[in-house]
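One structure below.
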Protein chains: 2
Amino acid sequence: MSSPRRADAVRNRALALEAATALLSEPGATLTVEAIAARSGLGAGTVVRAFGGKDALIDAAVAALLAPVVARAGELAASKAPGEALRAFLAELMDFQAAHHGLSAGLDGLDLPGTTARRADLEAAVGDLIARAQRDGELRDDLPVGALTVLIGRTAFAVARDGSPELSAAYLTVLFAGLSPVHGR
Amino acid sequence: MSSPRRADAVRNRALALEAATALLSEPGATLTVEAIAARSGLGAGTVVRAFGGKDALIDAAVAALLAPVVARAGELAASKAPGEALRAFLAELMDFQAAHHGLSAGLDGLDLPGTTARRADLEAAVGDLIARAQRDGELRDDLPVGALTVLIGRTAFAVARDGSPELSAAYLTVLFAGLSPVHGR
DNA sequence: GCTAAACTGGAATCCGTATTCCAGTTGAGT
DNA sequence: ACTCAACTGGAATACGGATTCCAGTTTAGC
């Protein structure tokens, strides 16, 4: 029922997407159409046409990178105890960021519809983990879930930006110590 | 002994700088030469010439904004007990960010020599406050000063980015609870 | 007040980057 | 194998934004 697209077009679409996600994950990559074209071996025109414009391509690449992360949050929420799920997710998020060094740096600065939506998805998923943990008594309850969600979302990305494992570990230590309910008076 | 500059040139330099700092502090401002020119009432050429190029102008504007903040850290370090100095400084930093809404958002994304240097100054000042507090037993000592410095620097900016007072308050609460030494085993 | 030099506004230019265009090529149906 | 529509590479174009240029204006020294 969809449009009958040629095999090479489908393949090139995939190549363009792959190149875009790769550049998005690299530290100081340029992220121009030309760079994506060079990386993928395609012509500039083909890259642009693949998704109907550069912005749509970037949106798709961001979605491709973040969707698994969001899915993982759901998995953990379903399979682990609330406190443990949150803890595990944040640890994995740090690893993810370390593996995709340039992601968050490239991410903010982008004001594209799909990118914004994906980020919102992620924030919602984290918010859910937090709400569960708090309901379960694993987190201090003297702060609203909304504040904690934004707080953790922002700081996690900021810390993981340059992906030092020591820094990430220190962050998680401080964060969970600060979130612990025994300490909230 | 310096070059004999005309009074109007000096005045226009100040106007350009003022307009640039103003735009830098605004949420979604564009920060183009033309925008600065419009805001200051000057011509585009004059704006560019004022500091010898757009980049130098931005650097100067960033310096003008951050220098007082760095100075304030020194003041507090000299006048208050270490723990209290750190606490007070971070609270003031939150206020500062709230008052200059767009600053941190505009700041990262800029890769200019002066801007980088100013940021380093600020980080050094915060590092000093942290080192003092830690030496004084006010902060957990199971984490290196360097990690705490980067950690706090990054997260403070990230949190204050959109300047909600509630969020800032929640951040400070969680942060200091997490940094407290009684909690570090 | 006069003059030379500094300075100004803003138009023209330049530059980097996304998009469009088109002559040639490739894939898919027959 | 043949045909034609879809697709491709990459050159040409469009476009936003910084810089440069210059005819006119203002300042500072005399």
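Because the structure is a prediction, the values reported are computed rather than measured. Chain letters run A, B, ... following the sequence lines, proteins first, then strands; residues in each count from 1.
Within the 4.0 Å cut-off from OP1 or OP2 of dG17(D), not a single side-chain nitrogen or oxygen of Thr32(B) is found. At dC7(D), none of the side-chain N or O atoms of Arg49(A) fall inside 4.0 Å of OP1 or OP2 (strictly under the cut-off). Between dC7(D) and Asn12(A), no contact under 4.0 Å exists linking OP1 or OP2 to a side-chain N or O.
The pair Arg118(A)-Asp121(A) meets the salt-bridge criterion, since a charged nitrogen lies less than 4.0 angstrom from a carboxylate oxygen.
When rounded to the nearest whole Å, the span between NZ of Lys54(B) and P of dG16(D) equals 15 Å. The nearest whole Å value for the distance from the CD1 atom in Ile58(A) to the P atom in dT19(C) is 10 Å. Following rounding to the nearest Å, Glu34(B) (CD) and dA18(D) (C1') show an atom-to-atom distance of 10 Å. Atom pair Phe51(B):CZ and dC7(C):P shows a separation of 14 Å (rounding to whole Å applied). At whole-Å resolution of the value, CG in Leu15(B) and P in dC7(C) are 15 Å apart. Separating the CG atom of Leu23(B) from the P atom of dG17(D) is a distance of 13 Å, rounded to the nearest angstrom. Protein atom CZ of Arg11(B) is 10 Å distant from nucleotide atom P of dA28(D), rounded to whole Å. If you take CD1 of Ile36(A) and P of dT8(D), they are 16 Å apart, rounded to a whole angstrom.
Counting atom types as modelled, Arg6(B) pairs a side-chain N or O with a base atom of dT26(D) as donor and acceptor under 3.5 Å.
When distances are taken from the side chain of Val48(A) to each of dT20(C), dT8(C), dC7(D), the shortest belongs to dT20(C).
Interatomic distance, Ile152(B) CD1 to Phe176(B) CZ, rounded to the nearest 0.5 Å: 6.5 Å.
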